[in-house]
Amino acid sequence: MAVTVRFAPSPTGFLHVGGVRTALFNWLFARHHSGRFLVRIENTDTSREVHAAAEQIVRSLAWLGLEPDEEPTFQLDRMAHHQETARALLETGDAYHDGGAIRLRTPSDGVIVWDDVVRGRVEVDNGTIEDLVILRSDGRPTYNFAAPLDDAASAITHVIRGEDHLSNTPKQLLVLQAIGGDRPIYAHLPNVHGPDGQKLSKRHGAVSVEEFRSAGYLADAVLNYLALLGWSLDEKTTVMSRSEIVRGFTLERVGSSPATFDHAKLRWLNGVHLRGQAQAAYGEALAAYLADIGFDGDAKLIRSSVPLVQEKLSTFAEYPDYCRFLFGPVEPDPAALVDAGPVLRGARDALRSVEPFAAPEIETALRAVADGLELKPRKALQPIRIALTGSKVSPGLFESIELLGRDESLARLAAAAA
RNA sequence: GCCCCCAUAGUCUAGCGGCCUAGGACGCCGGCCUUUCAAGCCGGAGAUCACGGGUUCGAAUCCCGUUGGGGGUACCA
């Protein structure tokens with residue numbers, strides 16, 4: 001039987017780290033087995049539904065490249081079927097009315113058992129499970145009734161979800177038993193915690209997928225990082241491409257202890273992925289990101305600046321601070337330029353005649369200036385950098401000058417020397 | 001309260017009875033490189049494998065207890 005999995009979020013807000021991790025593991029499992037990955041929005045609790053949350057979730061998944069193999073479905077769309085099933089259960093006596101609701105009759109003794117792929121064998125006393133409401137008094141199904149029904153209807157083979165659903169599993173198994181549905185295989189993933197050990201939430205900083213996107217992270221890096229939260233390929237591999245993860249992913253290597261989200265490691269990993277990109281793709285992604293956040297800069301210039309920054313940035317968000325000087329005037333701190341007159345004038349004279357106006361030639365010329373003034377390169381170049389970029393930290397000076405152009409460079413040098 | 005789950009360095013993890021004087025990665029510290037910052041390279045500190053009992057010739061690995069953390073206990077998902 002072909003592997004079919006589903007990611008089933010409730011539309012109560014943005015897709016956050018814990019949610020994506022669950023979605024990712026489902027997607028990886030499906031891809032690894034050439035199976036299908038479905039998305040089902042669990043919207044049976046209409047009172048908690050947040051407007052546009054479903055679209056938001058789907059969009060976040062798309063950004064990460066976790067595209068479902070079918071149009072996402074909404075649980076409530078199958079309400080007629082849920083109600084019909086409840087009625088049938090009523091007729092066989094497996095369910096009964098209670099107030100306005102309908103409850104499933106559950107056994108009071110014995111145990112219900114399943115072999116969880118990540119937890120191992122789990123046994124629950126039937127006595128601890130009370131007759132569960134399957135249809136609310138207003139006719140809407142409850143989650144624990146609708147979910148197993150829908151799983152069965154979609155022929156879900158593996159239910160991969162957060163450990164908060166562990167205690168729902170016996171209930172859903174009981175429902176499945178009552179309707180004679182096939183059992184899927186269950187895998188309950190450990191939670192993702194914040195730095196304080198509490199469940200990850202807003203106050204731990206960026207946790208929604210959208211935030212990572214606007215913070216300049218690469219989807220592949222986020223994916224790589226998330227995959228490592230609870231799963232490992234082997235004893236030493238950290239950096240992996242999407243396809244390497246898909247190839248190596250198995251549920252057997254998913255751990256059962258909760259993980260803490262570490263922004264610093266994500267950041268590092270993002271830098272690694274950024275540096276590994278082809279220059280053209282990097283430029284493409286960078287330009288798209290900058291347009292997204294409203295950075296006003298010529299796309300062509302952005303592209304040509306890629307070689308200057310690719311080795312330096314760990315997120316795209318750092319780009320403006322590094323390269324703002326390429327796109328507009330600078331205001332060097334005069335205090336940092338005292339006594340710099342001779343160097344700046346020397347640089348100006350040298351740059352006036354450099355041919356061609358390219359980094360290697362510029363470097364030769366400026367080093368000669370430093371030599372002539374008997375200054376160490378470190379000493380001589382820093383004021384020039386400040387005059388041209390307005391900052392003590394910048395991309396490579398010579399490449400920056402080339403990109404800035406002769407006229408602009410001379411003008412900035414003159415202004416600073418004055 | 002009751003039920004369940006988890007427990008290796010600050011963090012993510014490897015480990016599934018002897019290969020472990022516990023491996024990798026982030027972070028941290030130092031050095032090299034160097035036009036700044038990064039990157040890169042080299043080196044270092046950091047874990048009595050939560051604690052206490054067992055089992056075994058031998059335990060991070062198996063069992064029991066304790067502690068800590070988490071989840072559940074809804075006509076929420």
Side-chain angles (χ1 to χ4, degrees), chain A residues 8-12 41-49 75 98-103 116 118-120 122-125 127-130 132-147 161-171 188 190-193 195-199 225 227-239 252-253 255-269 271-272 274-275 309-314 318 321-322 363 366-367 370 376-386 389 391-400:
Chain A
S10 59
T12 50
I41 308 293
E42 315 251 88
N43 61 343
T44 51
D45 185 7
T46 44
S47 67
R48 291 206 314 156
E49 185 157 358
Q75 195 150 55
D98 177 30
I102 296 176
R103 285 183 187 274
D116 197 284
V118 342
R119 307 276 153 180
V122 183
E123 297 187 23
V124 180
D125 279 326
T128 63
I129 304 167
E130 57 177 26
L132 55 137
V133 170
I134 56 177
L135 233 49
R136 290 173 242 246
S137 40
D138 66 0
R140 278 157 37 228
T142 57
Y143 161 76
N144 275 320
F145 185 54
R161 57 189 0 177
E163 70 170 340
D164 43 323
H165 285 288
L166 201 59
S167 60
N168 287 324
T169 306
K171 298 175 185 173
H188 287 91
N191 273 329
V192 178
H193 290 170
D196 54 1
Q198 300 292 108
K199 202 169 172 179
Y225 178 73
L228 260 11
L229 248 33
W231 173 83
S232 62
L233 176 68
D234 54 32
E235 65 287 340
K236 57 175 183 294
T237 309
T238 301
V239 180
E252 283 66 37
R253 287 196 64 84
S256 51
S257 53
T260 301
F261 192 85
D262 181 7
H263 281 90
K265 187 159 183 177
L266 201 216
R267 194 179 179 74
W268 164 78
L269 198 50
V272 173
L274 240 25
R275 275 170 245 127
V309 297
Q310 187 162 7
E311 291 297 312
K312 297 180 182 297
L313 305 187
S314 52
E318 295 161 0
D321 278 349
Y322 260 110
E363 174 166 8
L366 291 185
R367 284 189 187 281
K376 287 207 178 276
R378 177 185 294 274
K379 267 288 196 196
L381 265 16
Q382 195 62 349
I384 300 176
R385 178 192 315 283
I386 292 171
T389 71
S391 169
K392 286 187 277 194
V393 177
S394 81
L397 220 211
F398 317 120
E399 292 78 7
S400 295

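Chain letters run A, B, ... following the sequence lines, proteins first and then strands; every chain starts at 1.
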Qualifying residues under side chain to side chain donor-acceptor pair (under 3.5 Å), relative to [X], sequence neighbours excluded:
{"X": "A:S394", "result": "A:R385"}
{"X": "A:N191", "result": "A:E163"}
{"X": "A:N43", "result": "none"}
{"X": "A:T12", "result": "A:S10"}

Using Watson-Crick or G-U wobble geometry with both distances under 3.5 Å, which nucleotide pairs with B:rU48? none
Could you identify the nucleotide paired to B:rU61, looking across every strand shown and requiring Watson-Crick or G-U wobble geometry with both distances under 3.5 Å? none
Of the nucleotides [options], which one has an atom closest to the side chain of [X]?
{"X": "A:R103", "options": "B:rC75, B:rC12, B:rU35", "answer": "B:rC75"}
{"X": "A:R253", "options": "B:rG15, B:rU13, B:rG24", "answer": "B:rG15"}
{"X": "A:S167", "options": "B:rA25, B:rA77, B:rG72", "answer": "B:rG72"}

Close N or O pairs between protein and nucleotides 29-31 of chain B (under 3.5 Å):
none

So if I define the base as every atom that isn't primed, P, OP1 or OP2, how would nucleotides 37-49 of chain B read as a B/S/- string at a heavy-atom cutoff under 4.0 Å? BBSS---------
Any residue meeting ring pair (Phe, Tyr, Trp, His ring centres under 6.0 Å) with A:Y225, in chain and number order, not counting sequence neighbours: A:F261
Integer angstrom distance from the C1' of B:rA50 to that of B:rC41: 37 Å
Using the P atom on both, measure B:rA22 against B:rA9 and round to a whole Å. 14 Å
Sequence-distant partners of [X], salt bridge (Lys or Arg N to Asp or Glu O under 4.0 Å), two or more places apart:
{"X": "A:E42", "value": "A:R40"}
{"X": "A:D138", "value": "A:R140"}
{"X": "A:R161", "value": "none"}

Side chains of A:D125 and A:T128: do they bring a donor and an acceptor to under 3.5 Å? no
List, with names and distances, any nitrogen or oxygen atoms from the protein found under 3.5 Å away from nitrogen or oxygen atoms belonging to nucleotides 5-10 of chain B.
| from | atom 1 | to | atom 2 | distance (Å) |
| --- | --- | --- | --- | --- |
| B:rC5 | O2' | A:R119 | NH1 | 2.4 |

Tell me, please, which residues at least two apart from A:S47 pass side chain to side chain contact (heavy atoms under 4.5 Å, CB included). A:D45
